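Computed from a predicted model, the values in this text were never measured in an experiment. Heads up: numbering here begins at 1 and tracks the sequence.
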Amino acid sequence: MTDSIADYLTRVRNAIKARHRLVEIPASNLKKEITRILHEKGYILNYKVEEKTGHQGVIKIALKYNSPSRLSAIKKIERISRPGLRKYTGADGLPRVLNGLGVAIVSTSQGVMTDKEARTKNVGGEVICYVY
């Protein structure tokens with residue numbers, strides 16, 4: 001597997017389409033940060049990182065659904081920067097997803113953060129994905 005972030009996003013997307021409540025994903029530091037941001041912004045209910053000796057471990061994500069309509073909190077989750085074509089942008093060129101309603105996750109020199117946080121800190125970086 002060459003693109004572990006695309007695998008992460010695909011596992012979440014497939015779990016949502018299959019209406020699963022939990023999804024397990026092999027852990028890495030970048031995936032842990034993306035999961036933390038999704039939890040802070042309210043796209044997932046909760047998550048737990050299970051560490052294993054010798055390995056990074058597993059991230060268990062509890063997906064969030066609306067009770068009456070059974071619709072997921074994540075409408076679309078889309079990979080932007082990929083190994084074949086990296087997308088970097090400066091602080092002034094950071095994208096706004098759905099005119100500010102969605103979130104762009106950006107990997108910067110100061111860590112992984114949302115597009116809004118990167119704009120306030122005036123840092124640019126690699127645009128990993130869009131979530132809305």
Side-chain angles (χ1 to χ4, degrees):
M1 178 180 10
T2 57
D3 192 3
S4 62
I5 303 303
D7 177 61
Y8 171 92
L9 300 176
T10 301
R11 285 180 191 234
V12 171
R13 198 177 306 117
N14 289 343
I16 289 170
K17 285 188 178 182
R19 302 260 187 242
H20 290 290
R21 293 193 182 279
L22 280 172
V23 61
E24 289 187 5
I25 299 167
S28 73
N29 289 335
L30 182 57
K31 292 179 199 175
K32 290 176 191 173
E33 289 299 310
I34 293 171
T35 306
R36 178 188 57 79
I37 290 173
L38 290 177
H39 179 66
E40 285 177 359
K41 297 300 172 187
Y43 289 108
I44 59 176
L45 276 177
N46 208 349
Y47 68 97
K48 182 168 71 170
V49 179
E50 292 185 353
E51 301 290 336
K52 293 184 180 176
T53 57
H55 297 291
Q56 286 275 336
V58 175
I59 303 171
K60 291 187 177 185
I61 299 174
L63 298 172
K64 186 176 184 179
Y65 295 98
N66 188 358
S67 298
S69 65
R70 295 179 47 150
L71 292 175
S72 172
I74 299 174
K75 304 287 184 270
K76 190 167 185 178
I77 186 164
E78 174 183 10
R79 179 85 155 121
I80 301 303
S81 181
R82 49 193 174 89
L85 182 63
R86 300 286 186 188
K87 299 282 186 178
Y88 296 98
T89 183
D92 55 340
L94 285 168
R96 289 181 52 150
V97 182
L98 281 180
N99 204 18
L101 296 176
V103 172
I105 298 177
V106 183
S107 177
T108 68
S109 59
Q110 297 179 11
V112 180
M113 59 185 74
T114 65
D115 56 332
K116 294 172 187 127
E117 294 168 353
R119 247 185 244 103
T120 58
K121 292 184 179 181
N122 200 24
V123 292
E126 181 181 0
V127 181
I128 298 172
C129 64
Y130 293 159
V131 182
Y132 54 92

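Ile74 and Val127 fall into different hydrophobic clusters, where Ile, Leu, Val, Met, Phe, Trp and Tyr residues are linked whenever their side-chain heavy atoms come under 4.5 Å apart, directly or through other members. Cluster annotation: Val23 is connected to Val49 through the hydrophobic network of ILVMFWY side chains, with a link wherever side-chain heavy atoms come within less than 4.5 Å. Neither Met113 nor Leu30 shares a network with the other; the hydrophobic side chains, linked directly or stepwise wherever heavy atoms of I, L, V, M, F, W or Y lie under 4.5 Å apart, form separate groups for each. When hydrophobic clusters are built by joining Ile, Leu, Val, Met, Phe, Trp and Tyr residues whose side-chain heavy atoms come closer than 4.5 Å, directly or via intermediates, Ile59 is not grouped with Leu45.
Note that CD1 of Ile34 and CG of Asn29 are 11.0 Å apart. Values are rounded to the nearest 0.5 Å. Going from atom CD of Glu40 over to atom CD1 of Ile37 covers 7.0 Å, rounded to the nearest 0.5 Å. With rounding to the nearest 0.5 Å, the separation of NZ in Lys121 from NZ in Lys116 is 15.0 Å. The distance from the NE2 atom of His39 to the CD1 atom of Ile61 is 11.0 Å, given to the nearest 0.5 Å. To the nearest 0.5 Å, atoms CD1 (Ile128) and CZ (Arg86) are separated by 9.0 Å. Considering OG of Ser28 and CD1 of Ile5, their distance stands at 5.0 Å, rounded to 0.5 Å.
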Decide yes or no on side-chain contact (heavy atoms from CB on, under 4.5 Å) for Gln56 and Lys32, but give the supporting numbers first. CA-CA 10 Å; Gln56 286 275 336; Lys32 290 176 191 173; 3.8 Å; yes
Using the side-chain contact (heavy atoms from CB on, under 4.5 Å) rule, take Ile25 and Tyr47 through it: C-alpha gap first, then chi angles, then the decisive distance, then the call. CA-CA 11 Å; Ile25 299 167; Tyr47 68 97; over 6 Å; no
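Asn122 pairs by the side-chain hydrogen bond (donor to acceptor under 3.5 Å, both in side chains) definition with nothing, not counting sequence neighbours.
Checking side-chain atoms of Lys64 against main-chain N and O of Gly42 turns up a donor-acceptor pair under 3.5 Å. Between the side chain of Tyr65 and the backbone N or O of His20 there is at least one donor-acceptor pair closer than 3.5 Å.
Here the closest non-hydrogen pair linking Tyr43 and Val131 is OH-O, 3.6 Å. Here the closest heavy-atom approach between residue Cys129 and residue Leu9 is recorded as CB-CD1, 3.9 Å.
Residue-environment remark: CZ (Arg19) exceeds the threshold of 12 foreign heavy atoms within 6.0 Å. In this structure, Lys76 places its NZ atom where only 12 or fewer heavy-atom neighbours from other residues, nucleotides or ligands lie under 6.0 Å away. In the displayed structure, Arg21 atom CZ is contacted under 6.0 Å by at most 12 heavy atoms of other residues, nucleotides or ligands.
For the pairing with Asp3, the salt bridge (Lys or Arg N to Asp or Glu O under 4.0 Å) check across Arg79, Arg82, Lys31 returns one residue only, Arg79.
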For residues 90-108, please give each side-chain donor-acceptor pair under 3.5 Å, one per line with the distance, not counting sequence neighbours.
{"residue": "Arg96", "atom": "NH2", "partner": "Asn99", "partner atom": "O", "Å": "3.0"}
{"residue": "Arg96", "atom": "NH2", "partner": "Asn99", "partner atom": "OD1", "Å": "3.1"}
{"residue": "Thr108", "atom": "OG1", "partner": "Gln110", "partner atom": "N", "Å": "3.1"}
{"residue": "Thr108", "atom": "OG1", "partner": "Gly111", "partner atom": "N", "Å": "3.4"}
{"residue": "Thr108", "atom": "OG1", "partner": "Gly111", "partner atom": "O", "Å": "2.6"}

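At least one side-chain heavy atom of Val12 sits less than 4.5 Å from a side-chain heavy atom of Leu63.
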